[in-house]
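The structure appears below as structure tokens.
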Protein chains: 2
Amino acid sequence: MAAHATDVSLAVSTVIFALRPHPETGRMTVWMPLVRRIREPFVGKWALPGGPLEPDEDLAESAARTLAETTLLTPQYLEQLYAFGNIDRSPGGRVVSIVYWALVRSEEADVAVETENVRWFEADSVPELAFDHNLIVEYALWRLRNKLEYSSIAHAFVGDTFTLSELREVHEAVLQKPLDPANFRRQIEGSGQVVPTEHLQTGGRHRPARLYRYNRAASDENNGPLPSRSLPGRTQGAS
Amino acid sequence: MAAHATDVSLAVSTVIFALRPHPETGRMTVWMPLVRRIREPFVGKWALPGGPLEPDEDLAESAARTLAETTLLTPQYLEQLYAFGNIDRSPGGRVVSIVYWALVRSEEADVAVETENVRWFEADSVPELAFDHNLIVEYALWRLRNKLEYSSIAHAFVGDTFTLSELREVHEAVLQKPLDPANFRRQIEGSGQVVPTEHLQTGGRHRPARLYRYNRAASDENNGPLPSRSLPGRTQGAS
DNA sequence: CCAAAAGTGTTGGTTTTACACCCATGC
DNA sequence: GCATGGGTGTAAAACCAACACTTTTGG
């Protein structure tokens, strides 16, 4: 028998996170777009965007593609989450899903219009989803909250330059708890993951805030030996 | 096109770690068994044990099976590492490998006899391997060293009961640096991941050491929402 | 008694946390 | 001026690393 022997189909899906103000409380919280299934199994149920892996694309490319196709978003951060492959996770056929998780900037999230088959949900209270996607979402959220505390993924939610308040707002939204501005500042500044720019942000009715820029070099150190998580969409690394 | 459409074959491989005394220095270091490839591509090169995913087994089951088939080992710990799926990682056919990493007790490692096609290597200096397996090994080692510091995987290397010296020896071997016995003791005891037994270990020409037992309950808390990483060999998951 | 590892104590330094306080701006 | 966040200072608490010292065994 040939090396290709497998009755298992392979799919790539993505959990997409963005921050948006809660429609009622106005507080920033974590949201994610889901797509409605238009075929069996689980017709009509909400599910993670994804699809079968094409033979000519890498895993991350596949994630970025299906993500863009369904939601028009281009993620700022994209990393593999986990491969889910339990025998019975998909009624009617063995499917192994390699799941990625992505972070998109808040402004971008607004671009992703809602349609009949695409809708944003608050990550902490998604409805009952297709397949084992509830478990996947839960795990992705756990990873997000976890990783926020020991790496610098928070930058993926903000612009190229940002104030420390903006960055703190991201942390507070994800971790769901207020942080001391003074201590947060020292913690971030001391970590070297951020570098101050010349510019200040005026306009608020208060003292202007210094703008910072993400320091890629310093952050790469903790990411392990895997060929750096760069984005398929843009050049990256081009200064 | 049917849901099964895929030209990509799916394999499961495992990086197996065990601690063994270095033949020259005598110091404990990290070792791993590799298998020799007996067919193209990369005939004759060393590679991670693994094989195609069978349709009727879960991913972890597959890892445990191929691991047992090739090395006769049953791991104490088994966790998914990463899915490798670059287009060109396997000459002559697209293969996505879902890689697990496993820890086996030192005594067990001795069971795994060396044959013509199975040999133990020091993890830090493996030869040039087939496919992208050098990268995989490097990543697995990184994860091992990383995870040792914030979780309680060290227990997988020792017996059901153990002295704190034995546990410290594990840490020192993996981290490759000596640890202060006094501070190590406090750190472990304070973490709650270990619970003292009634028994002492006599026999050394020194004061007997208290035996401890692993405290599963306390450790599970940090492992995220994924259905606990327990071993396929024993019950679990049957439900 | 001695060697060696088990286990406890102590101390100085760093890191975290909580909160007081001054600074610069828009209105 | 005053309200509002930006940004600095600081002291108590918690944590950590280094190392002295006491305990209990085998020889």
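Order of the sequence lines fixes the chain letters, A, B, ..., with proteins taken first and strands second; residue numbering starts at 1 for each chain.
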Whole-Å distance between C:dA18 C1' and A:L179 CG?
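Taking atom C1' of C:dA18 as the reference, CG of A:L179 is at 13 Å.
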Value in whole Å for how far the P atom of C:dT17 lies from CZ of A:R185:
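It works out to 17 Å between those atoms.
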Using only modelled atom types and a 3.5 angstrom limit, is any donor from either the side chain of B:R207 or the base of D:dT23 paired with an acceptor on the other?
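Yes, the side chain and the base share a sub-3.5 Å donor-acceptor pair.
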Looking at A:R65 and A:E69, is any side-chain nitrogen of the basic one under 4.0 Å from a carboxylate oxygen of the acidic one?
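Result for this pair is yes, salt bridge flagged.
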Between B:Q176 and B:R145, does any side-chain donor sit less than 3.5 Å from a side-chain acceptor?
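Judged by distance alone, the side chains do pair up.
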Any donor-acceptor pair under 3.5 Å linking the side-chain atoms of A:N146 with those of A:R143?
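Side-chain D/A pair, A:R143 to A:N146: absent.
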Pick the nucleotide of DNA chain D nearest each of B:A182 and A:R168; which residue has the one closer to the 5' end?
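The residue mapped nearer the 5' terminus is A:R168.
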Checking all strands, does B:R186 fall into the base, sugar-phosphate, or nothing category for heavy-atom contacts under 4.0 angstrom?
base
With heavy atoms under 4.0 Å as the rule, sort B:T163 into base, sugar-phosphate or nothing.
nothing
Looking at B:T70 and B:T66, would you say the former's side chain and the latter's main chain have a donor-acceptor pair under 3.5 Å?
yes
Do any side-chain nitrogens or oxygens of A:R205 fall under 4.0 Å of OP1 or OP2 in D:dA3?
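So the side-chain polar atoms of A:R205 never come under 4.0 Å of the phosphate oxygens OP1 or OP2 of D:dA3.
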For C:dG26 and A:T202 - does any side-chain N or O of the residue sit under 4.0 Å from the phosphate oxygens OP1/OP2?
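No, outside the criterion.
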Nearest-nucleotide check on DNA chain C, B:N183 vs B:E166; residue mapping nearer the 5' end is B:E166
